[in-house]
Amino acid sequence: MYNRILIANRGEIALRVIRACKEMGISTVAVYSQADRDSAHVRYADQAICIGPAKSIDSYLRIDRIISAAEISGAEAIHPGYGFLAENSHFNEVVRSSEFDFIGPTPEAMEKLGDKNSARSVAMAAKVPVVPGSDGLITDEEHAVRSAKEIGYPVLIKATAGGGGKGMRVATNEQTLRVALQQAQTEAQAAFGNAGVYLERFIDRPRHVEVQMIADLHGNACHLYERDCSVQRRHQKLIEESPSPFLPQKTREEICEAAKRLIIEVGYQNAGTVEFIVDQQNNFYFIEVNARIQVEHPVTEMVTGIDLIKTQIRVAAGETLPFKQSDIKLRGSAMECRINAEDPAKNFQPCPGLIKSLFIPGGFGVRFDSHAQAGYSVPPYYDSMIGKLIVHKETREESIACMLRCLEELQVQGIATTAAFQMKVLREPTFVAGQADTKWVERELLKA
Amino acid sequence: MYNRILIANRGEIALRVIRACKEMGISTVAVYSQADRDSAHVRYADQAICIGPAKSIDSYLRIDRIISAAEISGAEAIHPGYGFLAENSHFNEVVRSSEFDFIGPTPEAMEKLGDKNSARSVAMAAKVPVVPGSDGLITDEEHAVRSAKEIGYPVLIKATAGGGGKGMRVATNEQTLRVALQQAQTEAQAAFGNAGVYLERFIDRPRHVEVQMIADLHGNACHLYERDCSVQRRHQKLIEESPSPFLPQKTREEICEAAKRLIIEVGYQNAGTVEFIVDQQNNFYFIEVNARIQVEHPVTEMVTGIDLIKTQIRVAAGETLPFKQSDIKLRGSAMECRINAEDPAKNFQPCPGLIKSLFIPGGFGVRFDSHAQAGYSVPPYYDSMIGKLIVHKETREESIACMLRCLEELQVQGIATTAAFQMKVLREPTFVAGQADTKWVERELLKA
Amino acid sequence: MSKGNTHKEDVFSVERIRSLIDLMKEYDLSEVDLKQDEQQIRLVRGAKQVVSAAPAIMAAAPAPAPVAAAAAPAGPVADGPHIKIIKSPMVGTFYARPNPKSDDFVKVGSAISADTVVCIIEAMKVFNDIPAEVSGKIVEILVKNEEAVDFERPLFKVDTRG
Amino acid sequence: MSKGNTHKEDVFSVERIRSLIDLMKEYDLSEVDLKQDEQQIRLVRGAKQVVSAAPAIMAAAPAPAPVAAAAAPAGPVADGPHIKIIKSPMVGTFYARPNPKSDDFVKVGSAISADTVVCIIEAMKVFNDIPAEVSGKIVEILVKNEEAVDFERPLFKVDTRG
């Protein structure tokens, strides 16, 4: 096992890793920007090294300084956390070539999964369903009609140069397709100076379900069941839970096994998450792999009883997984709300600043992972998350009641947070019924 | 189920009950003294009623005002918490005669168990071992010798008028008994003007083990296994844990069954704790019953997954226990440290005052039950506990590591706390080996 | 206290500040904020952060029940030295009249002496006559008939100048 | 003490401020805020806990490692406008001399110009010459040979008066 680990991150995840290390008797090295000098991860690490000014580009994203910090502190491994350099395969390579362990997957796996197309082919090789689409660009109307037949209606016409929904069209049959195709191509030409379009099966009201995976260096891989993160605002997750409230048990087993096949196919190591979208008929399609620990990992820890960060460290150090798939049981219902320093009244604009007073909810089945406290000033340079409120109860109904109780108890004076909005979501019949999809919040709760 | 409950208490336990009620959809009524106007339990209750000035005797101990508060607020039941009026059978009676439910045992059971002698006879009737002793006072030397034979050496000679160890003597055989008896009688005469003494088996280095019981109104009773509270200072518990680190499984089953027999014998209802001392040969002896919820109840909640406060409310309302004995499993290891506003450097003298800043530990398996926050001033009128730090891990070793990590993280500025002393205890080989007895702290850690 | 024609001269007068503070102490004011033209005098007593933190939190918390809300007797006390407050000595239900048919014990304007019964408070089924314990004239009745009152809930304002 | 017609002269009068503070102490005031025309006197006592919490905690926290401790460049800068600090532009190991056998690049008293190499910092196995970027005289060397340094760790004090 390692004697010393450097955490190349900040905020709650840096604190989370430091906590795991302390409990394992591993000495910790924090790195920090000048804006984080008084932050909790600096305070609790055994060593703290300043790596630059406030801006991430000059500090938390400075590979050279992080490596130097590891060298002068005598760390043996580096935990990247999430965000910043966590999925940067170049950083991963430099860490390893500098003879430190990288607590995460290999750079090869990271790269393969980092590219949408190669990830898609890995999935197909592992017989994991992907969203059906035309192979390559549409050459002419007949080609479009043919592939639409294969794909199955309704189909989505996407501009290859597009993005953010620009120049997208839905066609429900051959007629509408022929019309929409021309419109889309004209639009694409106008918008991007590139008329190239391709087809994809249109998924109505998709749900976001992701499977937590963990694998050791000896070819053992386990899934830790799924998380449902369908409650999103502009692709930002607001509430995550496990188990998924709508997934039939049979589909749960299938989706978890599919995720495991994919992870094994690519020879993945350490913790990772396989993301799927699930349509209204409960068909699931692979989207991407998050080759890192995720913000919402505590949800899985609560329902499985497994400490993901400690397991990450153990397998990185070469230990074999301390459990078999059959040992892993889903117990009860867990839910997480990300408490962000954002003002729902002002279109969720971030509002950094001084936390004048803070009351943190507690009680049975309640966990609050945060680096914040009264007197802490949320810096404007990084993400706006000030804490993660996690509850674990026997049933989903109890989890919702407990989360509402906790959000009411949580008192943050001085800055606005998303808590009140999350209370609103938790009271919505659609959420209570477990029928939220990834567009539901924008469609139903934020419509002007 | 009740619509509204009044909580006749303050501080963390009042908040604990309010939290349970909110999650159950029960409206809450807080009562408070003028010193607690800004306290969390007042803030989070649906209604708050001032019942008097700061001194408990004029507020939290004023039965008339608490009953009136229940009447004007339309509460249906009263939860007494612990301390204050929790084990006052007269209060219990007044509550019931005023047609409110008392969330606790009947006044009859409370009285029977409140008196040491009647409690002892209940235990004996239930075939629960008690500390062997002479029946009544020693009439003469020969009587002493006879009873000592029955009791078995070593025996303790106790002054009937005594207390706090005054005029106690240990005799290891007949010879020393004859001598010690006279000395004890003379001392007792001098000290209390009463030479009356009796004999009791002397228990060397006893351990404190208590069994959590819960019973409904329909004759169903379950034990929720034991808590070990051997780490004490002057009978004040410093650290509690479950399961007990030294108890053999066979003894565990025996002691839990014994507790259940006693509870059934006395027709006990709701939550209660049966206290035992366990000698170095693992023989256990009944001491007393705590006819209330206890400070350390979270330890049991963590290892059993059962919410004790919610269960108290459900059975008081007439519901049958939602579980059978066979459903109750001990999972992992849980530990609690009471964080008191006391200064270990000054002989643990209470140090109320303003909490200038506070960092609360978090993470996986960590629970902090507290009404405190930065800016909260600990009033000098009540007990000095500002919070309970509870951890739950798979093994005791991990619990200790996690508790140490949390105590280091916990930062209370402005007042002294017991946290540093508890860290010292957790690092002691005797504690780590699970060999602490109720006098160990004073004998080994506080000796001048 | 500050005559118009003189106040300009002495905003910074320690003397006047002292007399302001004496007032604050006498009436337990936590803050005084005086503004006029270009002038301002602001004085805060006690531990500000904490004092102001609590109300802030209260404000953000779920609306407290009337009983709780009414509990703080701060407001009325500020009305001057000749105004005294009759507060509830117990927790219970306030009755303005001896029985539903009869008149109220007192009305605004009623002259009272120390032993005048001003109301009844029912606690634990017992009806307790509440004497004024102060003499003067009722200037305001602060609770409604049959309203629930908690300990030291202000009931009446009395002008002791009679 | 403050005659009306004189207050303009003495906003900064330590005497008056002292007497104001005495008042604050005497009456446990936490804040005094006086404004008049262009003038303002604002005094705050205690009650700053929350704001000043962070440093307080740092003090109480487990002793940080030397690298971290040294990170705050506050102290030396206070030495006056003519004193400049040469700080480490990177994270790495400080070398006072080009190789173990040779002399240090500079000593206390050495005259330096902007392009004088004052030390080497090794980062990621690369040895980087560090130029002074200021001219003057070395008056203090703040790190030891082969010591680990983090970003903007003060290395040298330079008297720019040469």
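Sequence lines set the chain letters: A, B, ... in the order given, protein chains first and strands last, and positions in each chain run from 1. All of these numbers come straight from a predicted model, not from anything done at the bench.
At distances below 3.5 Å, not a single donor-acceptor pair connects side-chain atoms of D/Glu152 with backbone N or O atoms of A/Gly52.
Your options are D/Glu122, D/Lys125, D/Met90, and the one with the most heavy-atom pairs under 4.5 Å with chain A is D/Lys125.
The CZ atom of D/Phe151 sits 5.0 Å away from the CD atom of A/Gln34 when rounded to the nearest 0.5 Å. With rounding to the nearest 0.5 angstrom, the OG atom of A/Ser68 is 11.0 Å from the CG atom of D/Asp150. From D/Met124, atom CE reaches atom CD1 of A/Ile66 across 10.5 Å, with rounding to the nearest 0.5 Å.
Only one option out of A/Ile67, A/Ile49, A/Val31 pairs with D/Val91 in a side chain to side chain contact (heavy atoms under 4.5 Å, CB included); it is A/Ile49.
By the neighbour-count criterion of 12 heavy atoms within 6.0 Å, atom NZ of D/Lys144 is sparsely surrounded, having that number or fewer from other residues, nucleotides or ligands. Under a cut-off of 6.0 angstrom, the local environment of OH in A/Tyr82 is crowded, with over 12 non-hydrogen atoms contributed by other residues, nucleotides or ligands.
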